[in-house]
Every structure is written in structure tokens, then in C-alpha cells.
Q: 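Sharing a structure with you now.
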There are 2 protein chains.
Amino acid sequence: MLDLGVIDRTDDRPPYRQIAAQLRRHISAGTLAPGEKLPSESELIEHFGVARMTVRQALQELRGEGLVVAEHGKGVFVRSAPPVRRLASDRFARAHRQDGKAAFLVEAEATGRKATVDQISVSTEAAPAEVAERLHLEEGARVVVRSRRYLSAGVPVEIATSYIPESIAAGTAITSTDSGPGGIYARIEEQGHELAHFTEEVTARMPTPEERKALQIGAGVPVMTLIRTAYDTDETPVEVCDTVKVSHAYVLEYDVPAR
Amino acid sequence: MLDLGVIDRTDDRPPYRQIAAQLRRHISAGTLAPGEKLPSESELIEHFGVARMTVRQALQELRGEGLVVAEHGKGVFVRSAPPVRRLASDRFARAHRQDGKAAFLVEAEATGRKATVDQISVSTEAAPAEVAERLHLEEGARVVVRSRRYLSAGVPVEIATSYIPESIAAGTAITSTDSGPGGIYARIEEQGHELAHFTEEVTARMPTPEERKALQIGAGVPVMTLIRTAYDTDETPVEVCDTVKVSHAYVLEYDVPAR
DNA sequence: CGATTGGACTCCTCTAGACGACTATGTATC
DNA sequence: GATACATAGTCGTCTAGAGGAGTCCAATCG
């Protein structure tokens, strides 16, 4: 049985924090292993002799830290660490593309996990301001918008939206749901735009409710956003890809020269 | 006055979410500008005709998204967007170092904001396993550990800990609180280790309570961690720097060749 | 044996109220 | 004029209870 201690009313921390600390201690010590069920609210109420809301406040603290997830009707569980995907900075090397594989599937294969893509949608729209700027287009210029969701072993890990100038995408498989072998980068190069380099802008934040739903994550789990712009050998931007990744599922790796 | 609408009991969203949505709407629309005070709990209770806990739950939702911060005795305020620092991938170019400036101060100057460093501590310890591995040292080998906190315009934005093998750091200013002109990278090069490149590993997560305190951030604000390893021209790792950044204060920029 | 039903258990949402602590402001006093 | 104090308003914490909804499993019925 779990040693949860008791509430110390002389402690300057409020009871709910003390309860949270006890549980947190067991989680970090491994006494409560990933995937394991925490004591139920009723049990905690009984053990600590506090009101229901106090126990719930403690649990909410842990949820806010992303340590536990509550499942309605089942219980509260220690969040199981999902497989971490390391994204190396050479993941868009042309050598990988020539196998006829899209970048995501290449990485996924390297980790030996089953990767899938769903919720693919393609449309042609006016470019949002942020995208137009990065593509050196006038605001409102038409771009092909490709959205999709990536899953690793069935678990959603990333949603991505690509924007390609219509002048490049028109008449190619880029406008189809299936972009063909090698993915859209292969199609872009077939249009005479040899890819030279990418810039990536990385930041992190809390997800919007819509993102929480699409990525199937609870409150308290942050996301990383990565906005990648692809340039051809003329330094012309040919694609902007806006991705939202479940933060604990990724480590991004970059190599930076000291110049 | 703010148009907050009313609770729709036929809506499938619970009241507290509807209240949160109304407030969120005003925040994203700018009707509630950054720094502005939200209606008080009492006002929201009166307006929506709900219990206090319901209103508090709505506010907690917004706090969890990092949209608002509560200040005891004053009110709840829209989080003012802090100045964002863009970290370009060439920020460690030798050209910058030769001015005698440390990297952080160079970047900060570029944005015209006052940057400071405090809570500097230096010690010599056994290398933690993760660090030893990156430095190609045996576990437990001695390393010089340098910790410090960075502030931008007086606001904490990053805490950082560097690990340098004792064989390189011994007898240099690296072991002093003031590492001298150009920072520790200048000292490392003076020891005959010409820097060639860095690898950076980026991820994001929720902060620990200690990090929350050091960075002065409330619940619901994620952090990015960036672990940088510096290599000399012999591909020998000469430094590991573990940084924890307030996520909304940074955008990391990288340039990646297409090969 | 298979399908359905019921109950136990779980977390979710909400109500109504209480006291405490912190902040700001105005007032009275020195 | 400066200090001390009272007060109102704010959020923080806690109590005690209620009904709802999702999950699971065992007992029951066909």
C-alpha cells in the first residue's frame, strides 16, 4: 500500500499542495509507475480526511503538470511516457526522399514504430498573412493548403498544415490527397525548384481546445510548434509547413556550425 | 462594457466552459487587451448567475492555457505578451564572440532590451550520467558546473547550467564567477579547442515547481529545454549547456540544408 | 452460451457558504 | 506631512453535499 503520510496543519503549504506533493513523490520515485492507477478520490478523501474539492484540487495540480491523466469512469493514471521521436536535422536529406518515402514515414521506420497519416484534407485558399509573408507572396494570394495528422503506433503526435504557392502546385499531385512517391517535396522538385535549404522556427505553448482534441491530449500537456519554410536554389520560398507537435513525443535535434 | 452573453443550458458544453469561451473570445479579439483586468469573480457570478466555484473553474481553464494570470488581492489579468527573443542559429558565430561579448548579451543587444545575468554559481562536481555521456566522459568524472539565470528587462527568461570537463576548465577563468571577455567559449578556445559546431536538442514540457519559482511563471506556462553540446575541430565535445527557457519568450530559428 | 441489465465505482459538474490573506484606498491620528 | 488604521474588494482555500455520466463486471434472462 502507498505511504501517503498525513496532512500537517502547521505546514505553511495548504493541504491540497501537501497531498499533491505526496502523490508527486510517489510518481517521481516510481512507486507509482507510468500507467498505474492513483488512489481514487474517495480513497484519498478517506485517507487525508478532507473534503472532495480539496482532493480534486490536488489532482488538478498534478494534471496541470502533465504528470497524470484522468479517465472518466475509470480513474486517474500516471501518464505513460509515449515513445519519443528524435527528429534529426538531416531528416529532409534528398537521399531519403529518393526512396519514394515521405519524411515522416522515413523517420518513423527508423524507430521501428508503425506510423500512419490520417485526416488529410487539401484545398486552395487565400494565404494567411503570416504564410504570405514567408512565401514572399502578396496577402490573399492563392495557395494550396494541405492538412493532415500524424500518428505513431496509433497515437496522434502531430498535426501539420502545408502551404504551397498555387503557381507551383497547380496541375500536380500536390492538389491530390495522395501526393505521390516522395511526397510533396518530390513534386516541387519536379516542377524545377531544386530544394536548397529550410528554415525552422520553433516555439512552445499550451494547445487550443481544438488542438487538444485532435491530438487527444488532456489539459496540462504543452505543444511545440515548428514552422518550416523550404527554399529552392534561387532562395525562392516554395513551401511553408506549420506543425503542432505533442511536446513530450519529440526531441528536435539540430546541428549548428560555429562558423 | 464587455458583452459576455449568457449561459445556454441546452448547449452540450458545461457552463464553466461557456464562460471560459466568452472570456477567451474577448482576449483573442483584443476586447480584453494584454495587461487588462478581467471582470472580478463577483461580477462574473452576478452576470452569469452561477456559483463561485463555477466561475473559478472557468478562470482556471484560462490560466491553464496561459492566457491570464491571477494576482491575489488585485484581480485576474490578461497575460501581457513578453518581448519575444528570436534565437537565430548563427548566434554563436565566432564573429560575435570576438567583440568580447557573451552570446546572451549579444542577442539581447540586437533586440535593444536590457539583459542581465544573476544567480551565478560555479562548482566542481561529478558529471551526471546524461552529461557524462554527451561529453564522452566516464560517469562520475569531474566537471565544472556553471549555473546562472538570464533576465530580459528584469524579467527572468532562462536558467542555464553548463558542464565543462575539468581537464579543460582547470586553471582558467571558467572556474571563476566572471568567466572573462567573450565568455566561456573564448576560454575554451584559448585552451586549444577551436570550436567547430554545436548540436542542440530541443523539447518542451511543464516546469517543475523549482523552475516555476526561478523563472517567476505561474501554473500553465510551459518551458522549452535546449541541451547544447559544443564540439571542437577534433569532434571532441568540450561543453554541455542545459537551458530551460520560458517558452513564450523565445522563438528558436534554425537553418537546415537540404543536403 | 450469448446478450442484456443492474449495480458499484469512478470522475465531472455544480451549488451554497465560510474564512483567510492580500491589495488598495481613504481616514484618523500624531 | 507622515504614519497607523479601518474598510472594501479581490483571489485563495476549504467544507458538505448533490446529481450526472462513463466504465466495468457480475448476475440474470433468453
Side-chain angles (χ1 to χ4, degrees), chain A residues 2 6-23 32 35-64 67-79 209 212-213 216-220, chain B residues 2 6-23 32 35-64 67-79 209 212 216 218-220:
Chain A
L2 241 44
V6 294
I7 300 220
D8 176 4
R9 295 279 171 180
T10 68
D11 195 324
D12 49 358
R13 289 177 309 172
Y16 83 90
R17 277 187 191 281
Q18 296 183 39
I19 296 173
Q22 289 290 342
L23 294 169
L32 279 167
E36 202 168 338
K37 183 177 170 303
L38 270 64
S40 74
E41 292 180 359
S42 325
E43 289 168 339
L44 293 172
I45 290 167
E46 170 127 14
H47 177 91
F48 289 107
V50 295
R52 177 185 182 70
M53 289 304 292
T54 307
V55 159
R56 280 186 65 75
Q57 205 162 358
L59 292 172
Q60 182 144 33
E61 176 129 318
L62 298 180
R63 282 194 298 170
L67 292 177
V68 304
V69 290
E71 293 184 41
H72 195 163
K74 298 208 275 191
V76 179
F77 301 84
V78 181
R79 202 188 68 199
R212 284 232 306 269
K213 194 175 169 191
Q216 290 175 18
I217 52 179
Chain B
L2 241 43
V6 294
I7 302 230
D8 176 3
R9 296 279 171 179
T10 68
D11 195 323
D12 47 359
R13 289 177 309 172
Y16 83 91
R17 278 187 190 280
Q18 295 183 41
I19 296 172
Q22 288 290 341
L23 294 169
L32 280 168
E36 202 168 340
K37 183 176 171 300
L38 270 64
S40 74
E41 293 180 357
S42 326
E43 288 168 338
L44 293 172
I45 290 167
E46 169 124 15
H47 177 92
F48 289 108
V50 295
R52 172 128 186 264
M53 290 304 293
T54 307
V55 160
R56 281 186 63 77
Q57 203 162 359
L59 291 173
Q60 182 144 32
E61 175 130 319
L62 298 181
R63 282 193 300 170
L67 291 178
V68 303
V69 290
E71 294 184 42
H72 196 165
K74 298 208 277 191
V76 179
F77 301 83
V78 181
R79 199 187 72 199
R212 283 233 305 270
Q216 290 174 19

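In what follows, chains are A, B, ... by sequence order, proteins preceding strands, each numbered from 1. Source: prediction; values computed, not measured.
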Q: Rounded off to whole Å, could you give me the CG-to-P distance for the A/Asp12 and C/dG20 pair?
A: 18 Å

Q: Using atom OH of B/Tyr16 as one end and atom C1' of D/dG20 as the other, report the distance to the nearest whole Å.
A: 14 Å

Q: Verify the neighbour count for atom CD of B/Glu46: are there more than 12 heavy atoms of other residues, nucleotides or ligands below 6.0 Å?
A: no

Q: Within less than 4.0 Å of OP1 or OP2 of D/dG22, is there a side-chain N or O belonging to A/Lys74?
A: no

Q: Heavy atoms only, 4.0 Å cut-off, all strands: where does A/Arg13 land among base, sugar-phosphate and nothing?
A: nothing

Q: Rounded to the Å, how far apart are A/Gln57 CD and D/dA16 C1'?
A: 15 Å

Q: Are B/Ser42 and D/dT10 close enough that a side-chain N or O sits under 4.0 Å from OP1 or OP2?
A: yes

Q: Judged by atom type as modelled, is there a donor-acceptor pair below 3.5 Å linking the side chain of B/Gln18 to the main-chain atoms of B/Asp8?
A: yes

Q: When the distance from CG of A/Leu44 to P of C/dC9 is rounded to whole Å, what number comes out?
A: 16 Å

Q: Would you mind reading off the distance between B/Met53 atom CE and C/dT13 atom P, rounded to a whole angstrom?
A: 12 Å

Q: For a 4.5 angstrom cut-off between non-hydrogen side-chain atoms, does B/Leu59 reach B/Leu23?
A: yes

Q: Apply side-chain contact (heavy atoms from CB on, under 4.5 Å) to the pair A/Val78 and A/Leu38, showing each step before the final yes or no.
A: CA-CA 7 Å; A/Val78 181; A/Leu38 270 64; 3.6 Å; yes

Q: OP1, OP2 of C/dG17 versus side-chain N and O of B/Arg52: anything below 4.0 Å?
A: no

Q: Starting at atom CZ of A/Arg17, determine the distance to atom P of D/dT13, rounded to an integer number of angstrom.
A: 6 Å

Q: Please report the distance, rounded to the nearest Å, between CZ in B/Arg56 and C1' in C/dA18.
A: 14 Å

Q: With the side chain of B/Ala51 defined as its heavy atoms from C-beta on, choose the nearest nucleotide among C/dT15, D/dT15, D/dG12.
A: C/dT15

Q: Out of B/Arg56, B/Arg13, B/Arg17, which residue meets the salt bridge (Lys or Arg N to Asp or Glu O under 4.0 Å) rule with B/Glu61?
A: B/Arg17

Q: Side chain of B/Ala70 only, heavy atoms from C-beta on: which candidate in D/dT15, C/dT15, D/dC11 is closest?
A: D/dC11

Q: Find the distance B/Glu43:CD to D/dG9:P and express it as a whole number of Å.
A: 11 Å

Q: Tell me whether the side-chain N or O atoms of B/His72 pair up with the base of D/dC11 as donor and acceptor below 3.5 Å, since no angle test is needed here.
A: yes

Q: Verify the contact: side-chain N or O of B/Arg63 to OP1 or OP2 of D/dG12, cut-off strictly under 4.0 Å; return yes or no.
A: yes

Q: Does the side chain of A/Ser40 get closer than 4.0 angstrom to OP1 or OP2 of C/dT10 through an N or O atom?
A: yes

